[in-house]
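Here the structure is laid out as C-alpha cells; the discussion comes afterwards.
Predicted model only: the values in this text are computed from it and were never measured. When a ligand or atom number is given, it counts from 1 through the structure's own listing order.
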Amino acid sequence: MYDLVIYNGLIVTTSHISPVDTWIGITGDKIVTIQSGKPPKDVGKRYIDAKGGYITPGGIDTHVHLQQLQVAPGEDTGDTFESGTRSATAGGTTTIIAFANQQRHDESLYPLVEEYHRRAAANGTWCDYGFHMILTNPTKKILDEELPVLFEKEGISSIKVYMTYEARRVGDRDMLEIMLRTRKLGMTLMIHAENDDMVQLVIDHLKENDLTEPHHHAIARTPLAEVEATNRAICLSNLVSSPILIVHVSSSAAMSRIRTAQNDLQPIFAETCPQYLLMLAEAMQPSGHGCGCSHGTEKTENKSFEGAKLICSPPLRESKDDLDAVWKGMINGTVTTFSSDHCPSAFDHPMGKKKGLQGGKADFTKVPNGLPGVETRLPLLMTYGVERQRISVQRFVEVTSTQPAHLYGLQHRKGAIAVGMDADIVIWYPPGEVKHDITNDNLHHSIDYTPFEGFEVSNWPRDNGGLVGRAGLGTYVKRIKGTVGHESRGETHLERITRMARA
Ligand code: DUC
Ligand code: ZN
Ligand code: ZN
C-alpha cells in the first residue's frame, strides 16, 4: 500500500513526457514505483488526480539569500529561512540553496556554518535546503584545510565569489587559488562577474552630476563591467582548467562570451533569472514599466523612488537586445540553470529599500541590492517560456530542476521523477485553467512588494505547491560532487606551460 498515488498527469523529464496513463506510487518521502496503466483502486492510502496537467520534478532554486550575516542585526528586512522557504514551496520549489557568507575578518568557516544551521533550524523550513559558502577571505588554511572538511562532513559542495563590492570582492590571484581548489575537490564555483572599478568610476561621475535616482543604478552597472569580468573569469579558468558558473547573466555581451567559451568546449556554465528575461531598466523610471504592461504604476507619495524596488545587481538592462539575448541563451542551451536570486528587502522600511531615501532625496547607492522572486520563478518560466512556446516543458524541467541538481551535487536525491528519488513533485493545472495577474497579496514571502506585480501568469503549481502542514517539514541536505564540468580534462594549461618551460 503506497502512502500516495498520483495519476492522470503528464510526467515530464528532460527528455520525455510520459503518457497520461502513467502513475506514481510514493511511500514516506520517496518515489517507489512508476507504472503505466490506470492505478488499481486499493494500492494507495491517498490518491491525487492530476487531471491531465504536467507533473514536474520539484523546483530547485540554487540562488537564494536568507538571513545573511553581513546584514547588521536589526537591519535585515528580508525573508527568514521560514518565510523564504514558505514562499519557495508555494511557487513549486522544493529545495533551495542559500548562502552562508564569510566576512573579511572571519578566519574560520566552521562557526559560520554552525550559525547558519542555527538560523535555518530556529523556526523550521518548509522545504529542503543546503548552503553555498561565500568566500571573501580565502586564506591558505581555509582553502587547504577547511574546504575539504566542509565538503566531506557538511556536504557543502559549492563556493561563491564576488568580483565586485568593496567588502566582498576577491582579486584575480585569490580567484585562481580558489579555482585550483574547487577543481581538485570537484566543487562548483559560482562567480558574480562585474568589474568593480568600472562600476565605481561611473557611480562617482553620476554622483558628481547629482544623478542618483533609482534608475541611474542601471546606468552605473554597465554591461561593459559585466562582460569584462566575465571574460576575465573565463581567462582565469582557462589557465587552470577549472569549471566555473557565471551567475545571474544579464547581458548579450556576457552571454555571447560564455557561448564562445562553451563552443571551445571550455567548462563554463551560466545561470540567469526571471528579471533578466522579463524586465527592462525603463521599468525603474518614475513613469515606467519595462514589459509593455501596467507594472509600477501604483500611486505613492514619492513615485520617482518606486524604481528602488527593482534595484538588483547586475541591474535590469536598458536594451531589449540584452533581454532577447538572455532568452536566446535560455533556448539554445547556453544557460545551464535558472534561479531566482531571491535577495529581498522590504520597500517601505527605513532599513529596507527606503534606506536610499534620506530627507526626500534619493541615493541609489544606499539602496539594498536585490529582489524577491523565489515564489514566482517557476510560474513565470512556465508562462512566458513554456506556454508562450519559447521553450519546451522538458527544457523547463532541465533548467529549473535537473541541471541545478547535477550542478550542485543533489542528483542522488533530486532533479528527476524516478524510482528511489525524493518525492518532490509539482502538479500543474491543465492548460487554459489558470489566468491571473501576480499580486503581492497572494504571495507567501514576508516582503511588502513583488517586482512582478501585475504580470499575467497562465499556470501555477496546483494548491500552491501543496503548501499544507507546517514549517519544519524541510531538512538540511548534504550534497555530493556534482556531475557538470568535472569530467577529467587531462593536464591544465598551467601544467602544460610549466612542462614546456622545463623541457
Ligand atoms: N548579487 C547577488 O547574487 N544577489 C543580489 C545582489 C548581488 O549583488
Ligand atoms: Zn551576485
Ligand atoms: Zn544573489
Side-chain angles (χ1 to χ4, degrees), residues 60-71 75-79 84 88 93 96-103 116 129-136 158-170 175 178 188-196 198-200 203 214 217-218 220-223 225-227 229-230 233 244-251 254 269-276 279 284 308-317 337-346 352-353 355-356 364-374 376-377 404 407-408 445 447 451:
I60 301 177
D61 193 339
T62 57
H63 194 144
V64 177
H65 301 263
L66 300 171
Q67 293 185 268
Q68 272 183 220
L69 273 167
Q70 86 269 7
V71 187
E75 288 201 8
D76 191 348
T77 65
D79 270 311
T93 287
I96 60 140
I97 309 181
F99 293 94
N101 64 301
Q102 180 194 27
Q103 298 183 82
Y116 279 93
Y129 63 96
F131 303 131
H132 308 286
M133 197 76 228
I134 293 175
L135 289 183
T136 55
S158 46
I159 301 290
K160 181 180 179 187
V161 294
Y162 287 85
M163 297 172 81
T164 186
Y165 303 128
E166 192 53 38
R168 284 182 238 167
R169 67 193 266 199
V170 293
M175 293 241 296
I178 293 168
T188 301
L189 178 58
M190 313 162 78
I191 299 180
H192 178 133
E194 285 185 293
N195 178 311
D196 200 55
M198 291 169 82
V199 170
Q200 285 309 322
I203 288 178
H217 171 83
R221 304 190 84 89
T222 158
E226 187 183 26
V227 70
T230 300
I244 55 170
L245 169 77
I246 309 292
V247 292
H248 42 48
V249 177
S250 68
S251 65
F269 304 97
E271 174 205 75
T272 196
C273 317
Q275 48 273 31
Y276 306 119
M279 280 192 285
M284 303 171 78
K309 290 177 176 175
L310 301 179
I311 286 185
C312 57
S313 298
L316 303 184
R317 293 301 180 195
T337 182
F338 182 69
S339 309
S340 67
D341 196 1
H342 182 81
C343 183
S345 302
K353 294 284 186 184
K355 212 171 167 185
F364 72 83
T365 65
K366 303 237 160 36
V367 176
N369 242 318
L371 312 176
V374 72
T376 42
R377 175 183 73 117
L407 250 181
Y408 291 104
H445 57 199
I447 309 302

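- Not a single side-chain hydrogen bond (donor to acceptor under 3.5 Å, both in side chains) links Tyr129 to another residue, sequence neighbours left out.
- Heavy atoms of Arg221 found under 4.0 angstrom from ligand 1: none, in either backbone or side chain.
- Per-residue contacts place His248 under 4.0 angstrom from the following atoms of ligand 1 (heavy atoms of the residue considered): 1 (N), 2 (C), 3 (O).
- Judged by distance alone, the side chains of Thr136 and Arg169 never bring a donor and an acceptor atom under 3.5 Å apart.
- The protein atom (non-hydrogen) at minimum distance from atom 4 (N) of ligand 1 is Asp341 OD1, 2.8 Å.
- Contact between His248 and His63 at its shortest, heavy atoms only, is CD2-CE1, 3.5 Å.
- In this structure, Glu194 has no heavy atom closer than 4.0 Å to ligand 1.
- The nearest heavy-atom contact from the protein to atom 3 (O) of ligand 1 is Lys160 NZ, 2.7 Å.
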Arg317/Ser251 under side chain to side chain donor-acceptor pair (under 3.5 Å): CA gap, chis, key distance, verdict
CA-CA 7 Å; Arg317 293 301 180 195; Ser251 65; 4.9 Å; no

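- Taking each heavy atom of Ile311 and Phe364 in turn, the nearest pair found is CD1-CB, 3.9 Å.
- At a threshold of 2.8 Å, the Zn ion (ligand 2) has no backbone or side-chain N, O or S atom of Pro314 nearer than that distance.
- In the vicinity of Cys343, heavy-atom distances shorter than 4.0 Å reach the ligand 1 atoms 5 (C).
- Pro368 and Lys353 make their closest contact through O-NZ, 2.8 Å (heavy atoms, listed as atom of the first residue, atom of the second, distance).
- Applying the salt bridge (Lys or Arg N to Asp or Glu O under 4.0 Å) test to Lys355 and every residue at least two apart in sequence or in another chain returns Glu75.
- Remark: the Ser250 side chain and the Glu226 side chain contain an N/O donor-acceptor pair separated by less than 3.5 Å.
- Excluding water, every protein N/O/S atom under 2.8 Å from the Zn ion (ligand 3) is given here by residue and atom: His63 NE2, His65 NE2, Asp341 OD1.
- Residues Tyr276 and Cys312 come closest through the heavy atom pair OH-SG, 3.9 Å.
- Per-residue contacts place Tyr165 under 4.0 angstrom from the following atoms of ligand 1 (heavy atoms of the residue considered): 6 (C), 7 (C), 8 (O).
- The closest side-chain donor-acceptor pair between Asp61 and His342, if any, does not fall under 3.5 angstrom.
- Of all atoms in ligand 1, listed by their number and element, those nearer than 4.0 Å to a heavy atom of His192 are 1 (N), 7 (C), 8 (O).
- Of the polar atoms of Asn369, none of the N or O atoms is found under 3.5 Å from an N or O of ligand 1, judged by distance alone.
- With a 4.0 Å cut-off on non-hydrogen atoms, Ser313 touches ligand 1 through its backbone as well as its side chain.
- Partners of Arg168 by salt bridge (Lys or Arg N to Asp or Glu O under 4.0 Å), not counting sequence neighbours: none found.
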